[in-house]
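This report concerns only the one structure given below.
Quick caveat, the model's predicted, so the values are computed rather than measured. Just so you know, these numbers use all the heavy atoms, side chains as well, and skip hydrogens, waters and symmetry mates. Numbered from 1 within each chain, the chains take letters A, B, ... in sequence-line order.
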Amino acid sequence: MSITAIKGFNDLLPAESPIWQFIEQTARRVFTRFGFQEIRVPIVEKTELFCRSIGDTTDIVEKEMYTFTDKGGSSLTLRPEGTAGVMRALIEHKLYALDSINKLYYMGPMFRHERPQKGRYRQFHQIGAELTGAADPLVDAQVLLMVSRLFQELGLTEPQLQINSLGCPACRPAYREALIAFLAEHQDALCDDCRRRQSTNPLRALDCKVPGCVEATQGAPAMVEHLCAECDSHFSRVQEYLAAASVVYRLNPRMVRGLDYYTRTTFELVTGLLGSQSAVAAGGRYDGLVEQLGGPAVPGIGFALGVERVALLLGDRSFEQLPDLFIAVMGEPARIAGFTLQAALQDSGLRVEMDCEGKSLKSQMRRADKLKSRYCMVLGETELTAGSISLKTMTDGSQQQVRLEAREIAAAITGRCMK
RNA sequence: GUGGCCAUGGUGAAGAGGCCGAACACAUAUGACUGUGACUCAUACAUUCGAGGGUUCGAAUCCCUCUGGCCACCCCA
């Protein structure tokens with residue numbers, strides 16, 4: 001048995017890479033427009049960074065991290081998400097001191113040891129953005145606007161933007177108590193998982209998909225109704241700003257996040273097209289995180305999208321890049337001349353292919369057809385002595401005489417392209 | 001971590017103990033056509049049915065183990 005890739009780790013083959021490039025290019029363009037700059041941080045960090053940021057009792061930290069001990073004896077972890085590393089870099093390099101506002105984006109692989117399924121892999125890729133230094137609700141709206149513009153430019157209108165507020169350390173504990181009390185009263189109607197969650201992660205019950213639980217929690221208290229005055233005002237203003245920019249969203253009071261650091265505004269882009277993986281992108285505000293990691297009290301907000309999930313939504317959209325010309329050659333002198341011509345035409349920006357296996361003319365023509373080259377030309381003794389070639393349009397089989405000169409051929413090809 | 005389904009060539013697959021020396025189609029290669037693709041025709045292309053063991057006179061077909069894949073749960077991007 002030959003060696004295969006590890007479970008949940010995938011190769012991205014040439015057939016798929018154009019979609020990824022499209023996603024990445026679109027993200028860079030939109031982020032740049034909003035003043036974000038790229039940051040590249042390591043994919044391995046000290047384990048403690050993730051324990052302290054994501055939360056010791058979250059599923060990610062408890063059972064999904066790729067953690068190992070290196071030769072020096074320190075515990076290292078393959079990053080399960082991007083925010084922690086970026087915040088570590090922000091603190092380590094004191095970026096917050098260079099400028100009070102930092103707008104950073106990143107893209108790259110993340111690792112979680114989960115059972116793979118559709119839209120979920122052990123190595124997956126995220127594109128994320130983080131804005132630190134501003135607690136103003138306008139910033140929340142700006143980030144949400146950026147997310148919605150990004151998906152608009154990706155050509156995806158289906159995922160719906162949902163927002164919620166998770167409150168802050170001042171108001172969440174009281175809400176949590178109220179919710180636990182409610183769940184205790186209705187526990188007969190809850191599924192086993194939700195009964196267990198009452199103590200560990202009561203908020204999760206609001207997100208349960210079991211019909212009985214959905215019904216039982218209909219009347220459950222919502223965080224948005226238990227926000228302290230500051231959080232409440234913050235959330236209202238976020239929504240005012242969103243309205244001002246005509247950002248379409250839906251308020252989802254039952255939305256819960258899996259990472260501990262989130263405060264106040266949280267959001268998700270939700271789709272129904274990916275089986276049980278409904279979140280295509282998600283994020284929120286994390287005002288206490290930087291301080292929690294040993295930095296100054298710098299507020300922040302950010303989000304990340306799952307590239308694999310976006311690629312699935314984009315589906316089989318074609319991004320094929322086809323050759324402009326195929327040069328079929330006969331004999332060594334023509335082969336050399338063809339190579340010279342190929343070089344010149346490539347320099348002028350055309351995509352040009354030629355035989356590199358010494359095949360028969362028929363085989364070369366078949367290859368030109370298979371590659372879906374728009375034009376094809378044969379170069380042999382006849383053409384070399386005559387100094388002209390016939391340029392064949394593959395779609396209709398028509399041919400035109402063109403002088404054997406790179407400029408003339410390029411002109412004939414691009415001239416027709418422009419029509 | 002738990003559960004369900006599945007595993008035949010480059011691809012899609014037929015095949016339910018001997019008729020499989022593994023169908024059919026697509027793809028690929030070569031030729032018909034001593035220098036012009038697409039259509040057509042011909043020829044080639046799985047010492048073998050995920051791996052290992054077992055039942056049997058006989059296994060791709062039945063049993064066990066392992067490995068891998070997909071999907072769902074948990075949770076998440």
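Closest contact between the side chain of A:Arg115 and the listed nucleotides B:rU30, B:rA32, B:rG3 involves B:rG3. For A:Arg366, whose side chain is taken as the heavy atoms from C-beta onward, the closest listed nucleotide among B:rU28, B:rA77, B:rG31 is B:rG31. Counting only heavy atoms from C-beta on, A:Gln117 has its side chain closest to B:rC71 among B:rC71, B:rA77, B:rU36. Residue A:Arg257 places its side chain closer to B:rA77 than to any other of B:rU36, B:rU30, B:rA77. Taking only side-chain atoms of A:Met365, from C-beta outward, the nucleotide of B:rA77, B:rA29, B:rG37 with the closest atom is B:rG37.
Remark: A:Gln126 is not in phosphate contact with B:rA77, judged by side-chain N or O atoms under 4.0 Å from OP1 or OP2. Proximity of A:Ser363 to the phosphate of B:rU30: a side-chain N or O atom is located under 4.0 Å from OP1 or OP2. Residue A:Lys370 places no side-chain N or O under 4.0 Å from the OP1 or OP2 atom of B:rA38. Between B:rG69 and A:Lys7, a contact under 4.0 Å exists linking OP1 or OP2 to a side-chain N or O.
A ring-centre distance under 6.0 Å is not found for A:Tyr105 and A:Phe36.
In this structure the side chain of A:Leu341 reaches within 4.5 angstrom of the side chain of A:Leu404, judged on heavy atoms.
A:Arg367 and A:Asp355 are not joined by a salt bridge, as no carboxylate oxygen comes within less than 4.0 angstrom of a charged side-chain nitrogen.
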